[in-house]
Amino acid sequence: MPELPEVEAITRSLRPLVRGRRIRCAHIFHPIATKPQSPAQLAQLARGCRILDASRRGKYLLLPLDRGLLEMHFRFDGQLIWFRSASELLRRANQSLDGVHVDVALELDKGVLGFADQRHFGRVHYWPSLAACPSLRSLGPDAISPQCTTSFLHERLSSSRRPLKEFLLDQSRIAGIGNIYSAEALWHACLDPRRRANSLSRKDSAKLHKAIVSVLHRALECCLHPAPDFRDPRWWFQGIEKVLRAYQREGLPCRRCGHAIERIEQGGRSTYCCLHCQK
DNA sequence: CGCACATCCTGTGTGC
DNA sequence: TGCACACAGGATGTGC
């Protein structure tokens with residue numbers, strides 16, 4: 001599930017492939033991917049635009065264009081696939097047997113960028129400007145941006161009564177953290193995920209801030225080695241498990257105190273933690 | 001405004 | 001072995 005580090009790695013690998021390229025046309029194979037926007041409108045508006053860059057805000061991948069921008073969100077399984085040409089796309093994509101499932105493809109003046117998501121949760125949207133993009137407008141500062149300081153985090157924590165885990169998942173407060181790295185950050189900070197956000201002392205907030213930044217940077221290093229290779233449709237991030245200390249380690253000993261990691265439910269989703277040393 | 005909860009979708013895992 | 005079904009996950013919309 002791409003969170004901030006994964007999307008950052010994708011952005012860095014994608015940038016040299018698309019920067020300065022012109023979109024010849026957009027193929028929408030599965031209209032659900034542009035919902036609630038109309039696929040025809042997206043195709044029409046993106047046609048002929050030049051891609052200025054590839055960038056990221058939270059878990060969103062952005063392709064600023066010379067006219068408007070494209071915004072992508074991978075949700076759980078969304079991924080990018082690179083084809084050398086339109087004929088390779090048509091030969092390999094959406095074929096009955098082991099065809100790569102592509103929802104949206106941007107045919108560029110050199111190469112084709114495919115957005116694939118077999119579960120159809122991921123989205124590709126066109127917006128006339130950054131300011132017109134509703135999901136970005138409600139986004140808090142990026143978790144690894146200089147804007148997200150310890151004081152800033154402490155201030156935001158103080159104004160929320162929600163459990164820490166749910167606070168960290170709220171993209172409007174801080175952007176980029178998902179289910180995996182929220183559990184990891186709380187484990188590293190020795191904080192109980194059920195604790196109310198506004199119960200943290202300044203010292204606690206500093207600990208949490210430090211944990212968030214280090215967890216995300218460590219994960220990014222993992223995601224960059226090896227870097228995403230969009231040419232291989234089977235490619236996906238590997239080796240993250242090595243650095244995970246809580247997530248999906250239910251029943252395994254805590255690496256700090258040896259007690260079993262537990263899986264608890266919060267807001268309808270799983271949280272992994274050591275209730276013995278996370279206070 | 002803040003928060004709880006249902007919704008979307010499909011491959012995987014579990015239980016019989 | 002095969003089948004049925006619950007489940008996971010992030011953002012959004014609705015209702016309190």
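A, B, ... follow the sequence lines: proteins, then strands. Residue 1 opens every chain.
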Quiz item: Have A:Tyr60 and A:Gln171 got a donor and an acceptor in their side chains that come within less than 3.5 Å?
Solution: no
Quiz item: Atom CD of A:Gln118 and atom C1' of C:dG9: how far apart are they, to the nearest Å?
Solution: 14 Å
Practice problem: Check the angle between the aromatic planes of A:His101 and A:His30 and answer parallel, tilted or perpendicular using the 30° and 60° thresholds. | Solution: tilted
Exercise. Using a 4.0 Å heavy-atom cut-off across all strands, classify A:Tyr247 as base, sugar-phosphate, or nothing.
Key: sugar-phosphate
Quiz prompt | Whole-Å distance separating the CH2 atom of A:Trp236 from the C1' atom of C:dG9 | solution = 13 Å
Practice problem: Using a heavy-atom cut-off of under 4.0 Å over every strand shown, decide if A:Tyr60 touches base, sugar-phosphate, or nothing. | Solution: sugar-phosphate
Quiz item: For A:Arg196, which contact category applies under a 4.0 Å heavy-atom criterion: base, sugar-phosphate, or nothing?
Solution: nothing
Quiz item: Hey, does the side-chain of A:Arg269 have a donor or acceptor N/O within less than 3.5 Å of a partner on the base of C:dG10?
Solution: yes
Quiz item: Between A:Phe230 and A:Phe83, is the ring centre distance below 6.0 Å?
Solution: no
Exercise. Using distance alone, with no hydrogens and no angle criterion, decide if A:Ser270 and A:Glu265 have a side-chain donor and acceptor under 3.5 Å apart.
Key: no
Exercise. Find the distance A:Leu157:CG to B:dG2:P and express it as a whole number of Å.
Key: 15 Å
Self-check item: Length of the line joining A:Arg161:CZ and B:dA4:P, which is rounded to integer Å
Solution: 10 Å
Exercise. Return the value, rounded to whole Å, for the distance between atom CG of A:Asp103 and atom P of B:dC8.
Key: 18 Å
